> 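Dropping the structure in here first, questions after.
Computed from a prediction, not measured in an experiment: that's the story for all the values here. These values consider heavy atoms only, across backbone and side chains, with no hydrogens, waters or symmetry-generated copies.
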Amino acid sequence: MKKVTLPAAEAVIGGTCKKNCTDSFEWIGSAPNQVCTLVRSCTDKYGKIHQTSMPAVDSKQCRPIG
């Protein structure tokens, strides 16, 4: 039987799989330099939350400021 490290085993059995994800659009920055940003929040099977963000393609997806 081959020995594997814990990170390798988690990758095989889905230990770091991000299954529960939600997307939201938020204004990031301070006026007048605010940018509409897509924020993706994912929860892994251990309950740890991971967030990634990137500029949104269309700023109309963000709610109006104020």
Side-chain angles (χ1 to χ4, degrees):
M1 180 179 280
K2 180 179 177 182
K3 292 184 181 182
V4 295
T5 63
L6 182 59
E10 285 178 338
V12 172
I13 60 172
T16 57
C17 182
K18 299 176 184 176
K19 292 183 178 180
N20 302 320
C21 295
T22 57
D23 291 340
S24 64
F25 292 92
E26 301 175 12
W27 290 102
I28 305 290
S30 57
N33 299 321
Q34 292 181 326
V35 176
C36 182
T37 306
L38 168 64
V39 179
R40 175 169 282 172
S41 300
C42 298
T43 306
D44 65 16
K45 74 177 190 178
Y46 299 111
K48 186 174 179 181
I49 298 173
H50 305 273
Q51 286 188 330
T52 57
S53 61
M54 65 183 84
V57 175
D58 184 8
S59 64
K60 294 177 186 176
Q61 296 169 323
C62 280
R63 294 182 182 170
I65 301 171

> Enter the distance from D23:CG to C42:SG here, rounded to the nearest 0.5 Å.
7.5 Å

> How far does CD1 of I28 sit from CD of Q34, to the nearest 0.5 angstrom?
9.0 Å

> Side-chain heavy atoms under 4.5 angstrom apart, residues restricted to Ile, Leu, Val, Met, Phe, Trp, Tyr: same cluster for M54 and F25?
yes

> Using every non-hydrogen atom in the two residues, find where C62 and T37 come nearest and quote the distance to one decimal.
SG-N, 4.0 Å

